[in-house]
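Everything numeric here is computed off the predicted structure, so don't read it as measured data. Every chain is numbered from 1 and lettered A, B, ... according to where its sequence line falls, protein lines coming before strand lines.
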There are 2 protein chains.
Amino acid sequence: MSVPTIKFYVREGLLPAGELTSPNQASYGETHVQRLRLIRALLDVGGLSVAGIRDVIVAIDDPERPVHKVLGTAASRIVPRYDREQDAGIEEARKSVAELIAARGWTAYPDNPAGEALATALAALEDVGHGGFAEVLDTYADAAERVARADLEYVAHHVAREELVESVVVGTVLGDAIFAAMRRLAHVDASHRAFGRAT
Amino acid sequence: MSVPTIKFYVREGLLPAGELTSPNQASYGETHVQRLRLIRALLDVGGLSVAGIRDVIVAIDDPERPVHKVLGTAASRIVPRYDREQDAGIEEARKSVAELIAARGWTAYPDNPAGEALATALAALEDVGHGGFAEVLDTYADAAERVARADLEYVAHHVAREELVESVVVGTVLGDAIFAAMRRLAHVDASHRAFGRAT
DNA sequence: GATAGTGGCGAGTGCCACTATCTATACTTT
DNA sequence: AAAGTATAGATAGTGGCACTCGCCACTATC
């Protein structure tokens with residue numbers, strides 16, 4: 001971790017400045033190191049932008065902000081913003097999403113960032129001519145439900161209140177990466193079983 | 001979709017050139033449109049780079065290449081390449097991945113791109129101080145297994161051989177986005193159930 | 001007292017996905 | 001037939017992003 005990079009993060013508001021012990025010496029503590037690790041994790045593994053990380057961090061650090069608002073901010077930075085408004089099928093996809101949510105009995109508004117992201121992905125699927133893939137959506141929803149329950153249970157039982165927001169952000173971002181990697185490992189296994197060939 | 005953008009894609013080898021009907025007229029057909037949609041889906045929703053898409057497309061279009069090799073190429077472009085070699089905990093994380101694969105009875109080499117990606121994510125988790133999250137890994141693996149089985153079944157039953165490679169690529173890339181979005185929707189629901197508040 | 005490092009800051013770099021501009025040609029309208 | 005519009009192809013430029021450099025005044029250390 002080079003010094004200029006750290007100075008850059010300080011300037012961008014990702015990292016609090018060190019405490020000045022003299023005009024040209026500042027001391028950094030464990031919290032700075034911790035914060036740096038968080039930044040690298042969100043940047044490298046989570047794929048967030050520096051600006052997005054700043055917003056998330058500001059939200060995390062603001063003790064006034066109610067928890068669910070912080071999570072809202074985090075979600076809106078974490079979910080990549082596709083602007084596919086011109087996509088012909090997006091409206092139809094939004095309807096599918098609303099139906100799925102209703103069928104599942106989920107309490108969630110379909111027009112939140114996650115619902116929009118799902119609609120975008122479904123619309124892209126349709127565009128590409130693999131709309132039939134939507135057939136397995138129920139399996140995806142089952143799996144997502146299980147995972148989400150496990151996430152929440154972990155958070156509820158093992159995380160102290162003051163760490164809550166940060167761990168939810170970390171879990172959301174890194175959880176995506178973990179699941180995606182596992183899905184690919186499972187693909188390799190499943191395809192080996194089905195076709196008798198390891199990839 | 002602007003004309004210069006299309007020409008750019010042609011130059012970059014993402015899109016075959018149109019058939020010249022005269023020195024300054026080329027005709028594009030339905031396959032070009034289809035290919036364009038694929039490019040946009042991988043770019044916007046899948047988050048691949050133009051160079052990565054080129055590699056994937058070259059692999060898809062090469063009928064000589066055995067299927068499992070194409071999927072290997074696709075996987076190596078789809079999985080983002082983290083270079084966390086200097087991460088202290090990466091070796092330990094690799095061991096966890098190998099153990100997980102063994103415990104699951106999966107047939108997959110832990111040193112493939114997906115295994116590396118998983119190790120990286122786990123190492124990042126540990127760095128950030130949320131190593132305990134690894135507790136729920138089994139739930140993730142269960143879910144990944146289910147999803148992967150559904151993916152494969154769909155492909156085996158509904159996809160013609162000549163479309164196989166493309167649909168696996170599409171399914172892998174868009175499937176990630178779909179699952180991630182669903183996980184967030186399920187989070188909202190689960191947190192509403194647990195804490196009685198919608199986000 | 002020479003060397004090396006620091007904070008702070010503006011400017012620069014390299015990469016990437018386009019986008020603008022240019023030339024030469026051809027189709028289209030009047 | 002002349003003027004206007006459009007296209008292919010190619011080179012160069014743009015804007016955004018994550019750094020990285022260079023400069024200054026100063027200090028810590030050998």
Take B/His187 and A/Asp151 through the side chain to side chain contact (heavy atoms under 4.5 Å, CB included) test and state the conclusion after the steps.
CA-CA 8 Å; B/His187 277 158; A/Asp151 288 340; 2.7 Å; yes
Pair B/Tyr28, B/Leu15 - check side chain to side chain contact (heavy atoms under 4.5 Å, CB included), show working.
CA-CA 11 Å; B/Tyr28 300 92; B/Leu15 199 61; 5.6 Å; no
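One finds no side-chain N or O of A/Arg40 lying less than 4.0 angstrom from the OP1 or OP2 phosphate oxygen of D/dA18. Between B/Tyr9 and C/dT19 there is no side-chain polar atom (N or O) within less than 4.0 angstrom of OP1 or OP2. OP1 and OP2 of C/dT6 both lie 4.0 Å or more from every side-chain N or O belonging to A/Tyr28.
Closest to the side chain of A/Leu20, out of D/dG9, D/dT20, C/dG8, is C/dG8. Distances from the side chain of B/Pro23 to the nucleotides C/dT6, C/dT25, C/dT19 place C/dT25 closest. For B/Thr5, the side-chain atoms get nearest to C/dT19 when compared with the rest of C/dT19, C/dC27, C/dC9.
Rounded to whole Å, atom P of D/dA25 lies 19 Å from atom CD of A/Gln25. As rounded to whole Å, 11 Å separates atom C1' of C/dC16 from atom CG of B/Leu43. Residue A/Leu42 contributes atom CG, which lies 13 Å from atom P of D/dA18 at whole-angstrom precision. To the nearest angstrom, P of D/dA18 lies 17 Å from CD1 of A/Ile6. Taking atom CZ of residue B/Arg11 and atom P of nucleotide C/dA17, one finds them 14 Å apart after rounding to whole Å. Going from atom CG of A/Leu36 over to atom P of D/dA18 covers 16 Å, rounded to whole Å. Atom NZ in A/Lys7 sits about 13 Å away from atom C1' in D/dC19, given to the nearest Å. For the pair A/Glu12 CD and D/dA18 P, the computed distance is 9 Å after rounding to whole Å.
Nearest approach of A/Gln34 to B/Val128, heavy atoms of both residues: NE2-O, 3.0 Å.
With a 3.5 Å ceiling on both atom-pair distances, the Watson-Crick or G-U wobble partner of D/dC30 is C/dG1.
Judged purely by distance below 3.5 Å, without hydrogens or angles, the side chains of B/Ser22 and B/Asn24 pair a donor atom with an acceptor atom.
Residue whose closest nucleotide on DNA chain C sits further toward the 5' end, between A/Asn24 and B/Phe8: A/Asn24.
Between the side chain of B/Arg37 and the backbone N or O of A/Glu126, no donor-acceptor pair lies under 3.5 Å.
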